[in-house]
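Working notes, structure below.
All ligand and atom numbering here is 1-based and tracks the order in the structure.
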Amino acid sequence: MQATLSARCIRPAAARPAARRGRLQVCAATHNITVLPGDGIGPEITKVALKALTAAGKAEGEDFVYTEAPIGGAAIDATGDPYPASTEEVCKAADAVLLACIGGYKWDSLPNAQRPEKGLLRLRSSLNAFANLRPAVVLPQLADASTLKREVVEGVDILIVRELVGGIYFGEPRGFKEENGERVGYNTMVYRESEVERIARVAFDAAMKRGKRLCSVEKSNVLEVSQLWKDVVIRVAQDYPEVELSHMYIDNAAMQLIRNPKYFDVVVTGNIFGDILSDEASMLTGSLGMLPSASISEPGKPGIYEPVHGSAPDIAGQDKANPLAMVLSAAMMCRYGLNLPKVADRLEAAVTAALDAGYRTGDIMQPGCKQPRPSAGRHPSGSPMVASGPPSRQSSPLIDASMRPPPRSGRPAPSRRPVLAAAAAFVCLLVVLMRGHQQSAELQRRPIDADVEKNPFDARHAGQQAANVRGGSTVQQQHEEQAAAAGGKQAHSVVAQRGDKQPQPDDEPTPEALRGVQPPKKPGKLAQQKAAVAAAQQEAAEEEAQQAEQQQAQEQQQQQGGDGQGGSDGSGEGGEGGSGEEEGPTGGWSDSFLKQKADAHLGNLLDLTSQMSPLRTCAADGFSLEVQEREAEDLLADAIEGRPELTEAQQRWARYVAPEPTLVSGTAHNLPCAARRSGGTCCSQPVSFRRNTTDYRVFKQVFQCHYMRYLYTLFGDQPPKYILDAGANAGFSTILFKLLWPEAKVVMLEPDPSNFAILSRNTARLENVHPINAGLWGRTANITVKANHGNWGKVFQEAEEGQSGMPAYSVADVAKKAGVPAFDFVKIDIEGAEGQVFAPGRDVSWIKQARAVSLELHDFFADYFGLKRGEISSRVDAAFSPTGYTPVSDNEHIIYLNPELQASVSQLHAPPPKLVAIRTARLKKISGC
Ligand SMILES: NC(=O)C1=CN([C@@H]2O[C@H](COP(=O)(O)OP(=O)(O)OC[C@H]3O[C@@H](n4cnc5c(N)ncnc54)[C@H](O)[C@@H]3O)[C@@H](O)[C@H]2O)C=CC1
Ligand SMILES: CC(C)CC(=O)C(=O)O
């Protein structure tokens, strides 16, 4: 069935082993390629690729022996089996397998196991080709070929790493059955840890060689298999601290790939998601006909090299197929499978040069492309010529292009042969390539409209043609203009490593890029959006200035021996907003005698810890916020309509807190996280803020100013497992906890419905978090609001009997409710209710189970609880005194450490005395808080 052929001879497969031996005597460097042309356009594009490969190999002194075998529909027709044993045998024996594509209408009604697609799956499985590398690179020549705008796609260079032999395509059980009188079809999506780990390692390795950014795509918000995927990827990330890892759900990834493809560097994902995403990515490059792939197996087994596309039965046999994905797959084979980088270089250069010369198949046809005519003679090299015209015009664009060194950027230097010889070989290669186009396509002579008429795939070009303002210039001209504009920057290789590439200004996602917002040409929605963003940024800047002023005033006050009354430091999660204008009692955290006590212990050392923390550099460098504004109706809907059980009063709070129903959403970058500790990068996180609230300020405090940032140092190598975030407000502390300790379970308590809504939104993407819309109290009770403080704080009281309200729980009850054995880190910031939690007679046995308890004290709310000034602090002090826990101080919080933690912190910072002098005020200055 198969045949062995080379540039010179064809041998029957039966005689192959002997033939191979025989050939070895003849050829110095022989590479045995099993070629599977498959179905549909497969044979057409295979022909082109083999010609190009042979020519490129010849130019580099490499010889290829091709053993052709049937697969897919062709194999079904010949043997009844889509992957016959004889094909499997020659694939396994090969140095590499070059596959075109399989499938077609003819076999569509066969049972699954007998379909052509099954043959392809069996091939991949039999070679254990688990790592499918699918580069999606937008070549400069094709930046206008995509249906997306040039600004969106230009410079895109993504590597999709798709797991290829697992997941739902292979999972068992699968099939059909009958249930309750109807047919049911079912499949199983399954991944083992080992399968995820090996593909993750391939992806991390690839990221290390490129832009060091890896995005893992899954659906862990719904699928257990994806949760496992994510867990394993996070675990493997520990070994690649330099790689910035992000996670994205597949639905979002599909959207982001179109919205801002330049965000992506390497994407790792499972079988089905990778299949879909790579087809989508192909349209960034102009056409499915442009995307090659390499499917790598374990060492010693041949890889499979195949274009991403299918058999395109709609255009098969009509001379329309784009062969470039197949040629580029052959290049990947040479680069990765056969270690022939020079041959790969030649093939890639041939592709770019052919495009430079203006040649296009229908799928990537653009206005102004050259329409070459049939060959009229022979090039001095002896190769047939592609370009036409009078002899004087023999320097056609194709020949011109081929006479120049191919555009390489950072690639290994081309062959050092004499220039003319190299050029001649290169011309030969291009010519072969172009002849392939011509012989099989003749597309260049066909008017664009003819293609459009025949092929709906091309229809978009008609529209594009009309829309293209550059329609008058040729692709060559466009390329030249573009090269000039880019300062002579040339095309980069299709499979170029990121490190090889000229740095692109937009490699890093800018706010605009992330939002996918291009500079608006005329005022419209985008302009409005941009103005809104500018306003939000302005607002943030003003807020920052205001904070600085407040801080200055406070410091002055402190220096003047102020009594701590009459305002606050303007900080605290959901805490004292700092204007001093709020109704009710005044005063700040610093007036607590506990604060002085804590300061006397290790407070200054904790300041020092903060200075030393690897996390600090993230905060010190400053997080960046990329803002995207959106309406918050849905937030209110979540908070109100979605919660019919809320009383009218509660609904009012929700409205009150977001009087202008506007959310500012975006992504915060440069946040401290676990990866940072081991020298890795800082992390990013989507966040939303309500306008006219303290949300943004609180966010900054959590990530820039607070004790939070050295918590990691505090817990060292034994991170907390169960965390209580009481007074979770908008969820920012929980976000930080999860960034620092991804494995921890965090239980969030937040009684305010509007806070709870934004908190739910902000923490929705985090795993293992447990939000509870309730307050923390000394015992299980109903609570109602006692007083509002501006838009930042609410003081609660126990509800009267029969009065409705929000639930509130003791720490022990929360633990039970959330199924937590005991909290080992407790954060409490509950607007004075801490006086209730630590009231005499309350169960505080949970303290001893926690390794650290962080408290914000609100003595200035004592009046509301009918307590004397200072009594809240006294209650806290009384509860902790018998425990042997040491209070240490942050500028706003008191953290009680158990003796073990205290010892490790003290030891960690066995005093270099001069450093001990660093005080809170200094820390504030240093961190810009
Ligand atoms: N790796 C493989 O062999 C794959 C095989 N298939 C099989 O291919 C058959 C057709 O499936 P479709 O969903 O239509 O996907 P497809 O990838 O074959 O075609 C999708 C569209 O892209 C166009 N297209 C694809 N490759 C092209 C090229 N090189 N040049 C110009 N246009 C090109 C086609 O004309 C069609 O309009 C099915 O039997 C399917 O199972 C599908 C995907 C992958
Ligand atoms: C045809 C299927 C077996 C697989 C597929 O669509 C692909 O791998 O691209």
Side-chain angles (χ1 to χ4, degrees), residues 36-49 71-76 82-83 97-110 112-113 115-125 129-130 132-134 145 147 160 162-170 269-283 285-295 304-329 351 360-365 436-437 440-441 443 451-452 454-461:
L36 310 176
D39 310 317
I41 60 172
E44 301 165 35
I45 59 175
T46 302
K47 210 158 133 188
V48 178
I71 190 169
I76 294 171
Y83 185 46
V97 175
L98 186 61
L99 163 73
C101 44
I102 51 83
Y105 312 132
K106 180 177 172 190
W107 306 280
D108 274 353
S109 51
L110 288 174
N112 249 346
R115 285 179 64 119
E117 290 81 356
K118 195 67 172 187
L120 175 54
L121 294 174
R122 282 170 52 201
L123 162 72
R124 291 168 176 171
S125 188
F130 68 93
N132 185 210
L133 312 182
R134 299 189 153 190
T147 44
I160 296 177
R162 167 190 175 192
E163 201 291 326
L164 201 60
V165 295
I168 199 166
Y169 287 176
F170 290 89
T269 191
N271 205 340
I272 187 167
F273 297 156
D275 191 1
I276 296 165
L277 279 189
S278 51
D279 265 34
E280 189 188 348
S282 77
M283 276 318 298
T285 71
S287 165
L288 195 49
M290 290 303 299
L291 238 63
S293 89
S295 305
I304 306 166
Y305 302 85
E306 48 172 321
V308 163
H309 60 72
S311 61
D314 53 339
I315 56 167
Q318 298 171 49
D319 293 346
K320 288 182 172 179
N322 183 342
L324 297 186
M326 184 72 178
V327 175
L328 292 169
S329 298
V351 168
R360 300 286 188 275
T361 39
D363 56 320
I364 50 174
M365 184 57 80
H437 280 250
S440 64
L443 56 95
D451 279 339
V452 169
K454 278 195 171 175
N455 186 353
F457 182 71
D458 293 327
R460 62 194 172 83
H461 289 295

Would A325 count as a contact residue for ligand 1, given that I'm defining contact as a non-hydrogen atom of the residue lying under 4.0 Å from a ligand atom?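 A325: no contact with ligand 1 (<4.0 Å).
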side-chain contact (heavy atoms from CB on, under 4.5 Å) between E306 and R124, intermediate numbers included: CA-CA 11 Å; E306 48 172 321; R124 291 168 176 171; 3.2 Å; yes
Carboxylate-amine/guanidinium proximity below 4.0 Å for D108 and R115: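 Salt bridge between D108 and R115, a charged N being under 4.0 Å from a carboxylate O: yes.
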Does any donor atom in the side chain of S311 or D39 lie under 3.5 Å from an acceptor atom in the other side chain?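 No.
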Residues which pass side chain to side chain contact (heavy atoms under 4.5 Å, CB included) with A281, listed by chain and number, not counting sequence neighbours: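 By the side chain to side chain contact (heavy atoms under 4.5 Å, CB included) rule, A281 matches A136, I160, L257, L284.
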Any N or O of [X] that comes nearer than 3.5 Å to an N or O of ligand 1?
| X | value |
| --- | --- |
| G310 | yes |
| K320 | no |
| S287 | no |
| A312 | yes |
| R115 | no |
| D108 | no |
| I102 | yes |

Using side-chain contact (heavy atoms from CB on, under 4.5 Å), reason through Y83 and K118 one step at a time and then give a plain yes or no. CA-CA 8 Å; Y83 185 46; K118 195 67 172 187; over 6 Å; no
Which atoms of ligand 1 sit under 4.0 Å from any heavy atom of E306?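 Counting atoms of ligand 1 from 1, those under 4.0 Å from E306 are 1 (N).
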Please could you name the atoms of ligand 1 that G103 approaches to less than 4.0 Å, counting only its heavy atoms?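 Those atoms are 39 (O).
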Who are the side chain to side chain donor-acceptor pair (under 3.5 Å) partners of R134, not counting sequence neighbours?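 In terms of side chain to side chain donor-acceptor pair (under 3.5 Å), with neighbours along the sequence ignored, R134 is linked to N132, S278.
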Between L288 and M283, does a side-chain contact (heavy atoms from CB on, under 4.5 Å) hold up when you go through it step by step? CA-CA 6 Å; L288 195 49; M283 276 318 298; 5.7 Å; no
Sequence-distant partners of R162, salt bridge (charged side-chain N to carboxylate O under 4.0 Å, His left out), two or more places apart: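 D275.
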For ligand 2, list every N/O pair with the protein closer than 3.5 Å, one pair per line with the distance.
unit_1, atom_1, unit_2, atom_2, d
ligand 2, 6 (O), D275, OD2, 3.0
ligand 2, 8 (O), R124, NH1, 2.8
ligand 2, 8 (O), R124, NH2, 2.8
ligand 2, 8 (O), R162, NH1, 3.0
ligand 2, 8 (O), R162, NH2, 3.2
ligand 2, 9 (O), D275, OD1, 3.2

